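Below is one structure; the comments refer to it alone.
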Protein chains: 2
Amino acid sequence: MPGRAEQRVTLRDVAKAAGVSTATVTRTLQNSPRVEPETRRRVMEQVQLLGYSPNPIARDLRYGRREAAVGLVTAGFTNLFQAGVASGAERELRHAGLQLIIGSTDDTPAREPELARAMIDRRVSALLMMPDGDHRDFLSPEHTHGTPVVLVGRPAADLAADVVMTDDDHAVQQATQHLIGLGHHRIAALTGRLDSFRATQRLGGYRSALAESGVREEPPLVVGDLTTPQQAREAVVRLLDLPSPPTAVLALNLGISTGVLIERLAGQHAFAFIGLDETDVSKGLGVSAVVRDPQEVGRQAARLAIDRIATPDRPPRTVTVPSAFVRRGTGEVGP
Amino acid sequence: MPGRAEQRVTLRDVAKAAGVSTATVTRTLQNSPRVEPETRRRVMEQVQLLGYSPNPIARDLRYGRREAAVGLVTAGFTNLFQAGVASGAERELRHAGLQLIIGSTDDTPAREPELARAMIDRRVSALLMMPDGDHRDFLSPEHTHGTPVVLVGRPAADLAADVVMTDDDHAVQQATQHLIGLGHHRIAALTGRLDSFRATQRLGGYRSALAESGVREEPPLVVGDLTTPQQAREAVVRLLDLPSPPTAVLALNLGISTGVLIERLAGQHAFAFIGLDETDVSKGLGVSAVVRDPQEVGRQAARLAIDRIATPDRPPRTVTVPSAFVRRGTGEVGP
DNA sequence: CATCGCCATGTAACCGTTGACATGCCCCGG
DNA sequence: CCGGGGCATGTCAACGGTTACATGGCGATG
């Protein structure tokens, strides 16, 4: 009767079939020396025959242990960075014998608490948070009940948690410096939600570079709250139509880089362009960009989690995965 | 002492603190009418105070149920299609109160059995498989022990499982017809691993269209086993340098579409081009393409799993998520 | 021959939760 | 005044697995 949802084979089934007690089956499976060869043979025969394998969840329960899995909560998994982090984390966890449970808020930060809660309730070994929201009470010790938390992408002053960061500010600063070095003084910076940590961090790098070189910031050249490639493209067009237009454009996230790239390829204006994050297409077309390594971010987050599981009381650590300015050519157009 | 990995609060802790039995706590939490208001108050007070919430895993164990989670095994999560499927599945499962556990083979099909096994062992409610490998013995009833399996992306003749497919063949056939209708007779088709199901399916659509229109297939125009955008780009260049070059190019997966797009934008030849799968960039640049809806594929896979969990004995179903040929302009270059 | 000890195996408790069943109290009616 | 019914609450077994401890049989030794 294929397809029938037959009850799963348990330890007791094997014990009964082999005519021994459950303890003997366990001992056999753990290669305890305290088992007679003939008994072992009989037990293993039944294990094979019935296709038994132990339920790891029941085992963890017995020990009062947390389950051998780690949760990851994020706004979504479609964007390249998020997917890369999940992928990098999954690989590292897998090598440590841990599984990865993912939960998405579907870009609704208000759902972060319930997702985190569900993970904590099922006793995951650790929780990886890539938060968008600012409210983080729900990660306080009295809510996590000792579940280790790793924050990915931004720090939390009020929370004694491990953190993985990327130093986008440095790389953006380098990128801006590069443009200034080429003679650009009117450099537009396009970014997403202005009140986000990322925008602040990245604009910070842009401004440091300007200040460092004595270039005065022109507020109209900084455009925020662009949420789609289309909006970014339109913003570029508007900027280039200004009386004194920018000669270079810095796109400060992937969606914006995409919109700017499209305008650069399909539009009529020539301008220097540096993106942030990259795709096979932008790489192949030689777009200079600030690049992050999402896989490595995920890997480091998993490592922090694994370390803390092993040593729950060590002080919190912050790991920075370097972002790099990769010069490929699109920044090279003169002012 | 924040950060200390204190033992998680259990039902018994609450019972002890409230001076009642565990049964009373359970009844209180389940709003059973059989609890005196004063007792209920005392219990709830302790629940709040201690921050108790039930362990869903222990509950499932008690009922002999499978855990409220579904596994997804795939070659990776970085590629847009895979990430989209995971995302779509996660959303649908979440709405059904199920969590998603992901496992990647890191493009090593030989790892499929162990990942599937780990999920089955932990008693997931269902298993979503996006397999690359051809060996599927490990999904036979005696190995799955009644765990429902949903195959994503390709059927399995020998397995009575639910399946989600995309009808790429139809859409590719339409795309090819479109090119033929524009007067193209020398249409190159570029694909990945020739021995893969996907390549076979998609080339099938290409060939049907040729046959239907009485266009003779020219074997040199079909190039397979291209695994990187760079290889695809080089293949296009070689084709266009042939004595009688193709006038149109059909790219049959995302990596290849990327390579061809780069050559079209950066190279010197003009040619009609239709891609498969798309990104924000290719969309923004108006690349005509055969597009699949990965989110919808994931959603349908989750739905099949949820349905089968509810009705384990219903006959297997195959759901086809339509692929579409989207005409945007790059196919329009004349022969 | 009695005793000791070793070894293979069984028994039972436990992890956290639930629910069928048991208990004991109060109130009512006979 | 006593028995029965109802209700609030407690007890206990169970889910699947592990292990400390108990048991019993055997061979060796004094």
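It should be emphasised that the depicted structure is a prediction, and the values quoted were computed from it without experimental measurement. All values below were derived from every heavy atom in this structure, side-chain atoms included, with hydrogens, water molecules and symmetry-related copies excluded.
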Report the distance from atom [atom1] of [X] to atom [atom2] of [N], rounded to the nearest whole Å.
| X | N | atom1 | atom2 | answer |
| --- | --- | --- | --- | --- |
| B:R65 | D:dG16 | CZ | P | 13 Å |
| B:L61 | D:dT18 | CG | P | 13 Å |
| B:R122 | D:dG16 | CZ | P | 16 Å |
| B:I57 | D:dG16 | CD1 | C1' | 13 Å |

Which side-chain N or O atoms in residues 26-37 of chain B pair as donor and acceptor under 3.5 Å with protein atoms at least two apart or in another chain?
from: B:T26; atom 1: OG1; to: B:T22; atom 2: O; distance (Å): 3.3
from: B:T28; atom 1: OG1; to: B:T24; atom 2: O; distance (Å): 2.8
from: B:S32; atom 1: OG; to: B:R34; atom 2: N; distance (Å): 3.1

Sequence-distant partners of [X], salt bridge (Lys or Arg N to Asp or Glu O under 4.0 Å), two or more places apart:
| X | answer |
| --- | --- |
| A:R65 | A:D60 |
| B:R122 | A:E67, B:E67 |
| A:R292 | A:D277 |
| B:R91 | A:D106 |

Self-check item: Polar side chain donor-acceptor pair, A:S125 to A:R308, under 3.5 angstrom
Solution: no
Quiz item: According to a strict under-4.0 Å criterion, is A:R59 in side-chain N/O contact with OP1 or OP2 of D:dT18?
Solution: yes
Quiz prompt | A:T108: partners by side-chain hydrogen bond (donor to acceptor under 3.5 Å, both in side chains), with sequence neighbours left out | solution = none
Exercise. Take B:A58 and B:R40, find for each the nucleotide of DNA chain D with the closest heavy atom, and name the residue whose nucleotide sits nearer the 5' end.
Key: B:R40
Practice problem: Please say whether more than 12 non-hydrogen atoms of neighbouring residues, nucleotides or ligands are located less than 6.0 Å from CD in B:Q48. | Solution: no
Exercise. Under 4.0 Å from any heavy atom of chain B: name the first and the last nucleotide of DNA chain C that qualifies, 5' to 3'.
Key: C:dG16 to C:dG19
Practice problem: Give every residue pair that meets the side-chain hydrogen bond (donor to acceptor under 3.5 Å, both in side chains) criterion with at least one member in residues 81-90 of chain B, sequence neighbours excluded. | Solution: B:S87-B:Q295, B:E90-B:R94
Exercise. Please work out which residues in residues 21-38 of chain B have a non-hydrogen atom less than 4.0 Å from an atom of DNA chain C and list them by number.
Key: B:T22, B:A23, B:T26, B:Q30
Side-chain donor-acceptor pairs of residues 149-158 of chain B under 3.5 Å, sequence neighbours excluded:
from: B:R154; atom 1: NH1; to: B:D134; atom 2: OD1; distance (Å): 2.8
from: B:R154; atom 1: NH2; to: B:P131; atom 2: O; distance (Å): 3.4
from: B:R154; atom 1: NH2; to: B:D132; atom 2: O; distance (Å): 2.8
from: B:R154; atom 1: NH2; to: B:G133; atom 2: O; distance (Å): 3.3

Exercise. Using five pairs at either end of the helix from C:dC1-D:dG30 to C:dG30-D:dC1, determine the angle between the two local helix axes and round it to 10 degrees.
Key: 90°
Self-check item: Of all pairs that satisfy salt bridge (charged side-chain N to carboxylate O under 4.0 Å, His left out), the ones with a partner from residues 45-54 of chain B, not counting sequence neighbours
Solution: B:R41-B:E45
